[in-house]
Amino acid sequence: MSPHATRLVLSSPFNLILLSAALLTTAALAGSNKIANATDREALLCIKSQLPQSNRAGALATWSNGSLDFCRWQGVSCSEQQGPARRVIGLNLEGEGILGQIPPCISNLSYLARIHLPFNQFHGQMPPSLGQLGRLKYVNLSSNALSGVIPAALASCSRLRVISLRNNSFNGGIPAALSNNSSIRVIDLNDNSLSGKVPSSLGNLSSLVSLYAAVNHLSGNVPDSLARFSNMQVLDLSYNNLSGMVPSAIYNLSSLKFLGLGNNGFVGRLPSTMGNTLPKIEKIIMSVNKLNGDIPRSLANATNLIHIFLAQNSFTNLSRNLDYLLMGSNHMSRTIPSGIVNLVGLSILYLDNNMLTGPIPDCFGNLRNMFVLDLSKNKFYGNIPITLGNLYILNELYLQENRLSGVIPAELAGCAKLLALNLSSNNLGGPVPQGLFGKLNQLNWLLDLSNNQFAHSIPDDIGNLINLESLNISNNKISGKIPSNLGSCVLLQELRLERNLLEGQIPPSLGALKGIKEMDFSQNDLAGKIPEIFEMFNSLQCLNLSFNNFDGPLPTNGIFANATSRLFLQGNPRLCTTTPTQNIPLCSAKLTERKNMFHVKLLAILLPFVAVFLVFLFLFLKKWTRLDSPPLVEYSTELVILSYNDISKATDGFSSSNLIGSGQSSLVYKGSLHGETVQMIAVKVFKIGQAGASKSFLAECRALRNIRHRNLVKVITACSTYDPLGNEFKALVLEYISNGTLANHLHTKCPINGYLSLDARIGIAVDVASVLEYLHIWSVPSMVHCDLKPSNIFFDDENLARVGDFGLARFLYDFSSSGKHQNSTSLIGPRGSVGYIPPEYGTGSRISTEGDIYSYGIVLLEMLTGKRPTDELFDDGFTLRKYVEEALPEIGEILDPDLSREIGGDHSRSCIDSYKQGNKTEVQKCILQLLNLGLQCSEEAPKDRPNTQDVYSEVVAVKEYFLSCSAKET
């Protein structure tokens, strides 16, 4: 403002009054913003104060009076403007394991627009006060344990667009009041206990795009009003008790992509125009109803349709004009629907990835127009029908991953136009018929006979498959030599013959396979020199010759000179090389012969001494063997095959009442398998949408398939499939460990089996150290657990400690990507749980066995002090380790009160009822020795920590000493 203007303003009393009023208004607004800032902060602290204290060390640890800037608190999002006007607009605390009821004071965050709290352990009712949040647009409380009715007050949130309450225990009906909120676009109420009818007033929600209400107890008819949604993309009412006719107008929702009406009691026919009026439909679930009539031929016009679930209905007259039927991944069970064999016009049939059983019907041979037949990934048994040879125009036949037995019928040669044949992973046996490949010479894409029991030799007519791209006969009992005419298959890109009984040399004629990309001859009895033909393959990316009897010098060019190629040669001790590579010795024939003669003579001289030494070593080990029974046990390697339905049934539909644990990447449910006996199980379901969940699943599968130890949680099986909605599903099924975790026993006031005696704690220390010794020393390759903590140490029925949760485990040497050892220095980064992660991981150091030793040391200190490393006592650099270190050698102030009472003879369940003063001192020495071991294991520098074997030896020594003291007392 110019000086002249200033004088003009001040010269007028009226203007001066206006200016004063403006300044007062500005000051008032500023004061109001400061108050609003304080209001939001107080509301957040109120939320924390009304939750159990067990949440304080987790996600809510940053919500503290000591921090004024609540916009930096974990899970809190604020508006973009700076200064005191910033308001809380979002809470994002997914999968943090938060316990308790949702505090009503959440409604004091008046600017809140987003509430995202799924995968926690909230219980009780949903606060009706949420209806006061006028700016709320999104609320997601799914996968908790909430109950009661859904508050109708939510309809008062006039800006609300998304409501997600799936996987809880809400009851009552769907609030009809929601129909008064025209802004709602998504309603997700799946997996609850809602009852009553679907409110017809929901048809007033003109903006609704998705309505999920599956897996509830809804009944009655589907209201006609649901057909008003011109923009509806998802309608899922599956797994309810709905009945009657499906309103015909539902089939006219032109924007619909997902229609789920399965597992109800619907009757009637599907409209013949269904495929034309649903042009965008991708998935239809209508299985397990009472529908009848024809399957509409118009479905062939729905070009986006991927899955159609129609199993277990009353379709009596499938359209004889139907061209193709895609019913893969339907969870269909029992036998093939009888009506299918009447579809004489059928050209494409997909029944793959179901649970169909019984023999394959002979009458399939009557479907003479069949072009593609896929019955893979079911439970079919018996022989392959010889009538399939009548399918003269069949191009693709997939029967893999069933339980078929017998031989390949010679009549299959009648399918002379086959381009792809997959019979892998069955129980087929006998010889591959001679002359078969002379008739099936059109095969040009795939021939897969792997993972069966085929015997005898590879038929000579294999050379007729001159157009074949992929041949896999691995994992059989094929013997004899590799046919030389295999070189006639000049278009081969993949040749897999591993794990058979093949012998002789690799024929030079294979040099004609110029376009080959992958060849695997491993685990046979092949011999001779490695042919130089491999040097000429420009496209060869992977060559596996491991575990045969090859000898002589390696070729030097081609894949043998390519450092980035995948070349596997281990298990051929007589190979040599002219240039250092792959840990294969250098070739020097004369010198080698002399050395061999010298070694033979030397061995003859030393052998008696070695024998004597081994006898003494055996006697020494026998004398000093550990008191415990040997930790290694034999588990059956045959895994149980469980489907999604099996697991869902075992856990009562993944009921929240069976939820026994949750983490960042998984949920754990208790369940029971009903067979000849009832088996209790724990099901670890991975949150596939969560970052790192799939990798965690793969890591656990890799780890658990390679390790066997009595102190490890036993894996029953793994399941990787899709749920009824087509979502990816991955789970591990483990034995149910009934007596809780070490964390439960240490930190719960009323543990399952009472307090832990000193004897029990020493036993746990020995059991866990035994596991680490096995993983670090005896496992091949060596493994690091990376997440050792009390909540991952379980107790079985015999109170034996079991270590579980291998989601972060890593092998120190990885053979999966090359024939070379992968150094562990490539496995870097912080891995584990706060408080138990070794400090070097936080600075990017390599993952190592020393990291597990650090975690073990912290667990040891926690067992003896009863304090978590994340206890509120430990702050500003003061840690559990320093807490113990500063107190020693005095232990009275830091010892777990339960142990103090036991040593004093005051505990009613003490394993040693009373200690004499002398014995009491000896027992204190045991505790002091364990505390010192915990300090050594948790040293900051990895080089200062003891190795695994020393740790195990020391805890065993403590256990022996303690038992000797107990024996003296008794």
N/O donor-acceptor pair under 3.5 Å between [X] side chain and [Y] backbone:
| X | Y | value |
| --- | --- | --- |
| N402 | Q400 | yes |
| D461 | L436 | yes |
| N427 | Q453 | no |
| N452 | N426 | yes |
| E535 | N557 | yes |
| S509 | S484 | yes |

Are any of the side-chain heavy atoms of [X] and [Y] separated by less than 4.5 Å?
| X | Y | answer |
| --- | --- | --- |
| I462 | L468 | no |
| L373 | L388 | yes |
| T577 | F560 | no |
| F437 | P459 | yes |
| E396 | D374 | no |
| Y398 | D352 | no |
| I530 | L569 | yes |
| R574 | F550 | no |

Fill in: Partner residues of R499 under the salt bridge (charged side-chain N to carboxylate O under 4.0 Å, His left out) criterion, sequence neighbours left out
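R499: no salt bridge (charged side-chain N to carboxylate O under 4.0 Å, His left out) contacts found.
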
Worksheet item: Distance only, no hydrogens: is a donor on one side chain within 3.5 Å (strictly under) of an acceptor on the other, for S539 and K517?
Response: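 The criterion, which ignores hydrogens and geometry beyond distance, is not satisfied for K517 and S539.
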
Fill in: Side-chain donor-acceptor contact under 3.5 Å, S470 with E494
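Per modelled atom types, S470 and E494 side chains form a pair under 3.5 Å.
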
Rounded to the nearest 0.5 Å, how far does [atom2] of [Y] lie from [atom1] of [X]?
| X | Y | atom1 | atom2 | result |
| --- | --- | --- | --- | --- |
| I473 | F454 | CD1 | CZ | 9.5 Å |
| N549 | L575 | CG | CG | 10.0 Å |
| S450 | N476 | OG | CG | 7.5 Å |
| I847 | C786 | CD1 | SG | 4.5 Å |
| L399 | S425 | CG | OG | 12.0 Å |
| L491 | N467 | CG | CG | 5.5 Å |

Looking at every non-hydrogen atom in both residues, tell me the closest pair between [X] and [Y] and how far apart they are.
| X | Y | result |
| --- | --- | --- |
| C415 | L391 | SG-O, 3.8 Å |
| M519 | L510 | CE-CD1, 4.3 Å |
| P385 | D362 | CB-OD1, 3.4 Å |
| N475 | N500 | N-ND2, 4.0 Å |
| P555 | E532 | CG-CA, 4.5 Å |
| C719 | S643 | SG-C, 4.2 Å |

Item to complete: Verify side chain to side chain contact (heavy atoms under 4.5 Å, CB included) between E469 and L492, making sure each step is shown before the conclusion.
Response: CA-CA 4 Å; E469 294 182 2; L492 268 181; 5.8 Å; no

Fill in: Check against side chain to side chain contact (heavy atoms under 4.5 Å, CB included), L502 and I478
CA-CA 6 Å; L502 294 169; I478 302 291; 3.9 Å; yes

Practice prompt. Might you work through the side chain to side chain contact (heavy atoms under 4.5 Å, CB included) test for L404 and I360, ending with a clear yes or no?
Written response: CA-CA 9 Å; L404 300 172; I360 298 174; 4.1 Å; yes

Practice prompt. Would you sort out whether I384 and L428 count as a side chain to side chain contact (heavy atoms under 4.5 Å, CB included), showing the intermediate values?
Written response: CA-CA 9 Å; I384 298 174; L428 300 169; 4.1 Å; yes

Practice prompt. For F729, enumerate each residue passing the ring pair (Phe, Tyr, Trp, His ring centres under 6.0 Å) test, keeping only those at least two apart in sequence or located in another chain.
Written response: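 For F729, the residues satisfying ring pair (Phe, Tyr, Trp, His ring centres under 6.0 Å) (neighbours in sequence not counted) are Y644, F654.
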
Worksheet item: More than 12 foreign heavy atoms under 6.0 Å from NZ of K477: is that the case here?
Response: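 Atom NZ in K477 is not crowded, with 12 or fewer foreign heavy atoms closer than 6.0 Å.
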
Discussion item. For K417, run the side chain to side chain contact (heavy atoms under 4.5 Å, CB included) check against L440, L394, N395 and tell me which one passes.
Written reply: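 One option only clears the test, and that one is N395.
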
